[in-house]
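For reference, the structure is listed below as structure tokens.
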Amino acid sequence: MPRIAYFGPQGTFTEQAAMRFEGELVPVETIPLAFAAVRAGDTEFACVPIENSVEGAVPATLDALVRDEPVVAVAETVLDVRFSILVRPGTTEIRTIASHPHALAQVREWIAAELPGVTSIATSSTASAAADVERGEFDAAVTAPVAVHHYKLDEYATDVLDVPDARTRFLLLRRPGQLPQPTGADRTSVVVTTPDRVGVLSELLTELALRGINLTGLESRPQKGKLGTYRFYIDVEGHIAEPRIGDALAALHRHSREIRFLGSFPKADHEPVEAHNAEFAAAASWVDAVRKGERG
Ligand SMILES: O=C(O)C(=O)C[C@]1(C(=O)O)C=C[C@@H](O)C=C1
């Protein structure tokens, strides 16, 4: 059975996401360590969070995707997110509450209303906060509901969430190899750095629009050198095996200083993508025939 390094420890949302894939689950403490495990070949796959509907992209994942040797996503899954507040049995007063920054951000209003004056502390994950509370370091942890089964803690509150219907998307990553087959309901991700000149981002987006390609995500992260220089993470509907997507990525390559392919894989919602592939194929065979002198 393949091994999947996931952003742990046991009881994180990422563990629940990783359980949806087939493999032996290997918890690691941080997102960069999950990437390191798959890059080093210690595990075949890594499972990490990429974006949350309330708090947005997960910066540690975006940064790790461009560092070191390439890794590509081969699958994604989306989890509904709601939080439990866990405390040590017998706790009567809460002065500190700990969790992953993305989790704290999703319950900020609840904390202000229900636990005014408590100090929020960022930890490496929701489950590591639970472990810290178990050890007596903090009074409460904001966790995934399943964490109560892994730590000797009680539920102080459940179903905590400032914004209803929050969801987090997770990626299953591996080293580059054979791509997943196109399904007609796929997503393709790339990250580009562009030359510093007027209109370059609009040129990239125009290349997509001209080919009827639907943009599903656009994120920027600093290149971390000169202030004001960015990388752009671009998600589109479609698979690189489709001519229009391959064509668009080739165009992005021409406009970019650097481009890294981050994967073509089935979308979690399985909603078919309107692809116009028949028109693209007909157009390509017409050009082919013209080149051979068979058509005018
Ligand atoms: O700490 C966890 O349990 C995670 O899996 C991380 C994470 C995230 O990075 O967004 C995943 C889902 C929730 O939105 C909160 C935290």
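One-based numbering along the sequence shown. Order of listing sets the numbers, starting from 1, for every ligand and every atom in it. Just the heavy atoms: all of them, side chains too, but no hydrogens, waters or symmetry mates, feed the values below.
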So, for H102 and F13, is the gap between ring centers shorter than 6.0 Å? no
Counterpart residues, salt bridge (charged side-chain N to carboxylate O under 4.0 Å, His left out), relative to E242 (two or more places apart): R244
Side chains of E93 and D139: closer than 4.5 Å at any heavy-atom pair? no
Under 4.0 Å from ligand 1, residues with heavy atoms, in chain and number order, are F7, T12, F13, T14, P49, N52, V58, H100, H102, Q106, S125, T126, T168
Residues forming a salt bridge (charged side-chain N to carboxylate O under 4.0 Å, His left out) with D42, sequence neighbours excluded: none
What side chain to side chain donor-acceptor pair (under 3.5 Å) pairs are there with at least one residue in residues 186-200, not counting sequence neighbours? E76-R187, T183-D186, R187-T216, T188-S264, S189-D235, R197-E203
What's the spacing between F7 CZ and E15 CD if we round to 0.5 Å? 12.0 Å
